[in-house]
Amino acid sequence: MAPTHVLRCCQRGLAWIPVIFIALVVCWSYYAYVVELCIFTIPSIGEQIVYLIFFHVSFIMFVWSYWKTIFTQPANPSKEFCLPKAEKERYEKEERPESQQEILWRAATSLPLYTRTGAGAIRYCDRCQVIKPDRCHHCSACDMCVLKMDHHCPWVNNCVGFSNYKFFILFLAYSLVYCLFIAATVLQYFIKFWTLCRRKSVENCPKNELPDTHAKFHVLFLFFVAAMFCISILSLFSYHLWLVGKNRSTIEAFRAPVFRTGSDKNGFSLGFRKNIAQVFGDQKKYWLLPVFTSQGDGLTFPARLVNADVEQATVTLHPEPDKSAAEVPASPLSDSQNRLLSNDQHANNVGDHLANNTLKSAESGTITISMESES
């Protein structure tokens, strides 16, 4: 059997096949549109210039956003979410899940955490050996924990999460504009070439002003490919716009995040405008550019406590105004503590949780906790 690292390298190499396929299709579409359509087919010089200008604008924005989505490194949890060395050794030696959870609860007293597992336990990744921040999940394809993970996209061979979610939305938007523009401008020539192909075997066929060259095959396939991609991208783009408006990730849309008061699919929703600003930033002039302007640090997120909890003080959380990624401090935990529960309140909650676990373990003897299901 081949070594594990060799298989891993093969998997990483094969993962680039979808990206290479898209790159080849885009390169061919560029040649077919610029050379075969604009230069060899369209007779009007003015029409050529107008088409080429708008085509290159959409092409540059599409390629730029696609590049940023592919090569932006996914953000990972900071060192503050790793267990101290002594606690880590104790955690690894413990065999009982309830004892391991007690270690995690003590380590989490100083961390800004709201979400938990379905069983109410601390979300911990055994693979990365870190306590997962809110909205963080482990990606098996990338083999790492990704902040605000949305999904792993094979067409970009990268995890879509906090660091590149805006780029991914713009990639969908500009690829849709690119396909729509090609389909709309090629349509009239597609009809003329299609009519020419159907009448070619008919005697006394009326003359067509378009040249009967190999360009017609490029134009025909260009329209079919653009229309096909346009339909598929439109559905995906509409779905992610809906997710942005609701402030949910794809994972959270299928599995609502669990808070102290229970699961709440709208737990991170702050209203439509604030939800949009959390992804695209406060400065609207940068919304359409593939540059990072998302709010926050990816480790903590403003949340709203929908259901009242008698054991937990109700806290109203608001996102900080005019805060972009460039203004995030080097040590985000100090700021995030001001927006979340104080350490004293959190410590009291931890004490209550440990006491409840002790009572439950005395009654039932065992507690079953699922860790990997939350990855």
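No side-chain heavy atom of Lys132 sits less than 4.5 Å from a side-chain heavy atom of Thr115. A 4.5 Å side-chain heavy-atom check between Ser78 and Leu299 finds at least one atom pair inside the cut-off. When side chains are defined from C-beta on, Lys192 does not count as touching Lys216, because their heavy atoms never get closer than 4.5 Å. No side-chain heavy atom of Phe59 sits less than 4.5 Å from a side-chain heavy atom of Leu52. Between Asp134 and Leu113 there is a side-chain heavy-atom pair separated by less than 4.5 Å. Proximity of Trp28 to Val225: side-chain heavy atoms (C-beta onward) are separated by under 4.5 Å at one or more points. At least one side-chain heavy atom of Tyr124 sits under 4.5 Å from a side-chain heavy atom of Gln129. Contact annotation: the side chain of Phe71 never approaches that of Asn164 to less than 4.5 Å [non-hydrogen atoms, C-beta and beyond].
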Show the atom names and distances, to 0.1 Å, of all donor-acceptor pairs under 3.5 Å that link a side chain in residues 235-245 to residues at least two apart or in another chain.
residue: Ser235; atom: OG; partner: Ser232; partner atom: O; Å: 2.8
residue: Ser238; atom: OG; partner: Leu234; partner atom: O; Å: 2.8
residue: His240; atom: ND1; partner: Tyr165; partner atom: OH; Å: 3.1

Return a table of donor-acceptor pairs under 3.5 angstrom between the side chains of residues 144-153 and protein atoms on other chains or two or more places apart.
residue: Asp150; atom: OD1; partner: Thr250; partner atom: N; Å: 2.9
residue: Asp150; atom: OD1; partner: Thr250; partner atom: OG1; Å: 3.3
residue: Asp150; atom: OD2; partner: Thr250; partner atom: OG1; Å: 2.7

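Both Met228 and Leu172 sit in one connected hydrophobic cluster of ILVMFWY residues. Membership requires side-chain heavy atoms under 4.5 Å apart, directly or through other members. Cluster membership check: Ile60 does not share its hydrophobic cluster with Ile53, using side-chain heavy-atom separations under 4.5 Å among Ile, Leu, Val, Met, Phe, Trp and Tyr.
Residues Phe229 and Cys179 share a closest heavy-atom pair of CB-SG, 3.8 Å. When every heavy atom of Ile122 is checked against every heavy atom of Ala108, the shortest pair comes out as CD1-CB, 4.0 Å. Across Met61 and Leu288, no two heavy atoms sit closer than the pair CE-O, 3.5 Å. Across all their heavy atoms, Trp105 and Gly120 have their closest contact at CZ2-O, 3.7 Å. Of all non-hydrogen atoms in Phe259 and Ala303, the two that sit nearest each other are CE2-CB, 4.4 Å. Looking at every heavy atom in both residues, Thr293 comes nearest to Lys166 through OG1-NZ, 2.8 Å.
Annotation: the span from Glu47 atom CD to Ile49 atom CD1 amounts to 11.0 Å, rounded to 0.5 Å. For the atom pair Gln188 CD and Phe223 CZ, the distance stands at 11.5 Å (nearest 0.5 Å). The OH atom of Tyr66 lies 9.5 Å from the OG atom of Ser175; values are rounded to the nearest 0.5 Å. One distance of note links CG of Leu289 with CG of Leu170; it measures 8.0 Å at 0.5 Å rounding. The CD1 atom of Ile22 sits 12.5 Å away from the CG atom of Asn157 when rounded to the nearest 0.5 Å. For the atom pair CG of Leu104 and CD of Glu102, the computed distance is 10.0 Å after rounding to the nearest 0.5 Å.
Ring to ring, Phe167 and Tyr174 are not that close: their centroids are 6.0 angstrom or more apart. Checked against the 6.0 Å centroid threshold, Tyr178 and Phe55 count as a close aromatic pair.
Ring geometry, Phe168 versus Phe171: the interplanar angle falls from 30° to 60°, so the pair is classed tilted. By the 30° and 60° cut-offs, the orientation of the rings of Phe224 relative to Phe190 is perpendicular.
The closest donor-acceptor contact from the side chain of Thr117 to the backbone of Arg123 lies at 3.5 Å or more, if one exists at all. Of the possible donor and acceptor atoms, one in the side chain of Ser65 sits under 3.5 Å from a partner among the backbone N and O of Phe62. A distance-only check finds a donor-acceptor pair linking the side chain of Gln100 to the backbone of Tyr91 [under 3.5 Å]. Side chain of Arg304 to backbone of Ser269: a donor-acceptor contact under 3.5 angstrom is found. The backbone N or O of Asn275 lies less than 3.5 Å from no partner atom in the side chain of Asn247, so there is not a single donor-acceptor pair. For the pair Glu252 (side chain) and Pro257 (backbone), a donor-acceptor distance under 3.5 Å is absent. When atom types are taken as modelled, the side chain of Gln101 and the backbone of Ala121 share no donor-acceptor pair closer than 3.5 angstrom.
No more than 12 heavy atoms of other residues, nucleotides or ligands lie within 6.0 Å of CZ in Phe221, so this atom counts as exposed by the packing criterion. Within a 6.0 Å radius of CZ in Phe272, other residues, nucleotides and ligands contribute 12 heavy atoms or fewer. Counting heavy atoms of neighbouring residues, nucleotides and ligands inside a 6.0 Å radius, atom CZ of Arg12 does not exceed 12 of them. Counted within 6.0 Å of CD on Glu95, heavy atoms from surrounding residues, nucleotides or ligands total 12 or fewer; the atom is thus considered open.
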Exercise for review: Could you please spell out the steps behind the side-chain contact (heavy atoms from CB on, under 4.5 Å) verdict for Phe217 and Glu36?
Suggested key: CA-CA 9 Å; Phe217 297 106; Glu36 298 294 344; over 6 Å; no
Exercise for review: Could you please spell out the steps behind the side-chain contact (heavy atoms from CB on, under 4.5 Å) verdict for Arg90 and Glu87?
Suggested key: CA-CA 5 Å; Arg90 288 187 55 196; Glu87 297 293 332; 4.0 Å; yes
Exercise for review: Could you walk me through whether Tyr33 and Tyr51 pass the side-chain contact (heavy atoms from CB on, under 4.5 Å) test, one step at a time?
Suggested key: CA-CA 9 Å; Tyr33 192 91; Tyr51 281 7; 3.6 Å; yes
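With sequence neighbours excluded, the residues that form a side chain to side chain contact (heavy atoms under 4.5 Å, CB included) with Leu180 are Leu176, Cys230.
No donor-acceptor contact under 3.5 angstrom links the side chains of Asn158 and Thr69, judged on distance only.
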